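To start, the structure under review is shown below, and the notes come after it.
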Amino acid sequence: MQYQKRTFASDNYAGICPEAWQAMQSANEVHVPAYGADTYTEKACNMIRELFETDCEVFFTFNGTASNSLSLASMCRSYHSIICHDLAHIETDECGAIEFFSGGTKLLTVGGENGKVDPAQIEHMVHRRNDIHYPKPRVLSLTQATEVGTIYSVEEIRELGALTHGLGLKVHMDGARFANAIAALKCAPKDITWKAGVDVLCFGGTKNGLAVGEAIVFFNTELAREFDYRCKQAGQLASKMRFLAAPWLGMLKTGAWLKNAQTANERAALLESKLREIEAVEIAYPRQVNSVFAKMHQQLVEALFERGWRFYDFIAAGGARLMCSWDTTEEDVLQFAADVAELAPQFGKA
Ligand SMILES: *Cc1c(COP(=O)(O)O)cnc(C)c1O
């Protein structure tokens, strides 16, 4: 199905941004070696090292589920466990891929406000048992930005890093919307990754304007040992790797990775301010990146769907999730907000 207008369903409903498209186009004009032995891949890996200002191992995969599950599998053995928030994508939306690729590693979930893990609950989860019958906690997985559009501050990540390393755990970051977090925090990428104790980052590209592709960044290079074999076995070694790598290069060289995220975040900020003017609508979580969660009357949701708008209404019980992408325009936001303002009074509050 094709929609007439841009919708707020997800940032992966949007197309490919011009910078990524252009990079694919130029990679299409030559013959180069396959399986990642090409110069696009080499340069893209080097640009990621420059971006993070450190030596790190970089691998490109097709999607986020593969990035998360393969990187976590490389950090754990089958008898280990991974601590994550109970709303974490790896727990709720990856169809058991973590458990599958790791050969049985268990996810242990903790709570915490606004989609962020509560440090006290992590400590409790680790200390609650230390006998041989309990799956040994090995990794803390953080989502940055979170599933409900909030972000961990630099300080919060540093504290979580120190806590978990003190407990003998490694830190994994699901960064499907890492660029949006950097755009919001206005910090250097190193500040919320290796400098704060993150061992492995899954750096999202798809939702930020690529056709397809994520980068797995191992700051702890020991964990990347034989990772190339793991990718190949899992069907994640692209034979025409240049088409995963070249768009990354294009995005990083032009700064589009950050510009796209800034645009999406700004559109969400505008949307939030417009929706706050409407009495019957309530904002559910602090709006920090490119999504707005709004509590709306079910009949209002249906009336908006009827007008052709699309958004998810099943994420984290937060009501309507309105997601902006790199190509969302101010006009889109204003039109949507005008429709909500016009329709809302008939139905009242949720
Ligand atoms: C979209 C998303 C992913 C990746 O999902 P894929 O569909 O496998 O690419 C991972 N984590 C979070 C938080 C996401 O929003």
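Counting starts at 1 for both ligands and their atoms, in listed order. Everything quoted here is computed from the prediction, not taken from an experiment.
- Looking at D191 and R158, no side-chain N of the basic residue comes within less than 4.0 Å of a carboxylate O on the acidic one, giving no salt bridge.
- Protein heavy atom closest to atom 11 (N) of ligand 1, with residue, atom name and distance, is D174 OD2, 2.7 Å.
- In this structure, D332 pairs ionically with R6, as a charged nitrogen and a carboxylate oxygen lie closer than 4.0 Å.
- Within ligand 1, the atoms closer than 4.0 Å to a non-hydrogen atom of E147 are 13 (C), numbered from 1 in the order shown.
- Put simply, the side chain of R49 never gets that close to the backbone of T54: no donor and acceptor are under 3.5 Å apart.
- Every N/O-N/O distance between E214 and ligand 1 stays at or above 3.5 Å.
- Considering backbone and side-chain N/O of G64, one or more are found under 3.5 Å from N/O of ligand 1.
- The ligand atoms of ligand 1 that sit less than 4.0 angstrom from a heavy atom of K207 are 1 (C), 2 (C), 3 (C), 14 (C), 15 (O).
- A donor-acceptor pair under 3.5 Å is absent between the side-chain atoms of Q144 and the main chain of M173, judged by distance alone.
- Geometrically, R310 engages F305 in a cation-pi contact defined by less than 6.0 Å to the ring centre and at most 45° from the axis.
- With respect to D11, the salt bridge (Lys or Arg N to Asp or Glu O under 4.0 Å) criterion is satisfied by exactly one of R321, R267, R177: R177.
- Of the protein's non-hydrogen atoms, H89 CE1, 3.5 Å is the one closest to atom 5 (O) of ligand 1.
- At a heavy-atom distance under 4.0 Å, atoms from both the backbone and the side chain of T65 approach ligand 1.
- Contact atoms of ligand 1 toward E94: 10 (C) (distance under 4.0 Å to a heavy atom of the residue).
- Comment: R225 does not engage E57 in a salt bridge, judged by the lack of any side-chain N to carboxylate O separation of less than 4.0 angstrom.
- Close approach of ligand 1 to T143 is summarised as follows: ligand atoms under 4.0 Å from at least one heavy atom of the residue are 13 (C).
- The contact set between ligand 1 and R177, taken as ligand atoms under 4.0 Å from a residue heavy atom, comprises 15 (O).
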